[in-house]
Every structure is written in structure tokens, then in C-alpha cells.
A.B. asks: 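Sharing a structure, written as C-alpha cells. Questions coming.
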Amino acid sequence: PTYYALWAANTTMHAMLSLRIGATAAVGCYLRKLIWAGPQPMQTSHDGLNCVTLTFYAVSDSAGATEPERAAIMWGFA
């Protein structure tokens with residue numbers, strides 16, 4: 001239910017994804033400003049599991065003072 005209210009209010013979101021590739025390697029992605037796209041989130045069944053599909057697109061933030069603060073996507077590698 002929380003997603004329904006956020007979608008209705010068109011609230012911007014952010015996401016951070018990280019993957020460990022090996023014992024000494026990793027990659028990360030930060031999406032600073034996500035805008036809702038597509039239809040309202042609805043609960044569905046996917047292979048017998050309850051799911052809610054959330055659809056976003058990443059946009060840049062013109063209010064940022066520096067280039068990293070304005071970026072739509074930031075990547076990190078280690």
C-alpha cells in the first residue's frame with residue numbers, strides 16, 4: 001500500500017544497487033533521482049509469488065551544485 005500512495009503523489013525515489021563479483025571485486029550503481037513511469041503499481045503473481053512491479057526512469061538533478069550531484073546514474077568499481 002505504501003507504493004500506491006507514493007505513486008499517486010509522484011514522489012521521487014532513489015536506489016542503490018551493489019554486486020559482489022568475486023573475493024576482491026565489486027560494482028555499485030546509485031540512481032539519485034527516480035521518477036515514476038508506467039501504470040500504478042499493482043500486486044500480481046509471478047510463479048506463485050506475490051509481487052509488485054515498480055517502474056521508474058532515472059533523471060538528472062539540475063539543482064545539484066557539482067557534477068556528481070547532477071548525474072542521473074553514478075557507478076563505482078572496486
A.B. asks: Taking a hydrophobic cluster as the set of Ile, Leu, Val, Met, Phe, Trp and Tyr residues connected by side-chain heavy atoms closer than 4.5 Å, whether directly or through intermediates, do V27 and L31 fall within one such cluster?
C.D. replies: yes

A.B. asks: Residues two or more places apart in sequence or in another chain: which of them pass ring pair (Phe, Tyr, Trp, His ring centres under 6.0 Å) with Y30?
C.D. replies: H14

A.B. asks: Roughly how far apart are D61 CG and T12 OG1, rounded to 0.5 Å?
C.D. replies: 8.5 Å

A.B. asks: When you measure from the side chain of R70 to the backbone of A63, do you find a donor-acceptor pair of N or O atoms at a distance under 3.5 Å?
C.D. replies: no

A.B. asks: State yes or no: do F56 and W75 share one hydrophobic cluster built from I, L, V, M, F, W and Y residues joined by side-chain heavy-atom distances below 4.5 Å, directly or via other members?
C.D. replies: yes

A.B. asks: Tell me, with the steps shown, if Y3 and L54 meet side chain to side chain contact (heavy atoms under 4.5 Å, CB included).
C.D. replies: CA-CA 8 Å; Y3 296 120; L54 307 174; 3.6 Å; yes

A.B. asks: For the hydrophobic clusters of this structure (ILVMFWY residues joined by side-chain heavy atoms under 4.5 Å, transitively), does one cluster hold both L19 and F77?
C.D. replies: yes

A.B. asks: Who are the side chain to side chain contact (heavy atoms under 4.5 Å, CB included) partners of T66, not counting sequence neighbours?
C.D. replies: P68, E69

A.B. asks: With the side chain counted from C-beta on, respond yes when I73 and C29 share a heavy-atom pair under 4.5 Å apart, and no when they do not.
C.D. replies: yes

A.B. asks: A72 and S60: which non-hydrogen atoms are nearest, and at how many Å?
C.D. replies: CB-N, 3.8 Å

A.B. asks: Looking only at non-hydrogen atoms, find the nearest pair between W7 and P41 and report the distance.
C.D. replies: CG-CD, 3.5 Å

A.B. asks: If we only count heavy atoms from C-beta on, is the T44 to V52 side-chain gap below 4.5 Å?
C.D. replies: no

A.B. asks: For A37, enumerate each residue passing the side chain to side chain contact (heavy atoms under 4.5 Å, CB included) test, keeping only those at least two apart in sequence or located in another chain.
C.D. replies: T55, Y57

A.B. asks: Which distance, rounded to the nearest 0.5 Å, do you find between the NZ of K33 and the OG of S62?
C.D. replies: 6.5 Å

A.B. asks: Would you say E67 has more than 12 foreign heavy atoms packed within less than 6.0 Å of its CD?
C.D. replies: no

A.B. asks: When rounded to the nearest 0.5 angstrom, what distance separates CE in M13 from CD1 in I35?
C.D. replies: 11.0 Å

A.B. asks: What are the two closest non-hydrogen atoms of Q43 and Y4, and how far apart are they?
C.D. replies: N-OH, 3.7 Å

A.B. asks: Ignoring hydrogens and angles, tell me if any N or O in the side chain of W36 forms a donor-acceptor pair with the backbone of T11 under 3.5 Å.
C.D. replies: yes

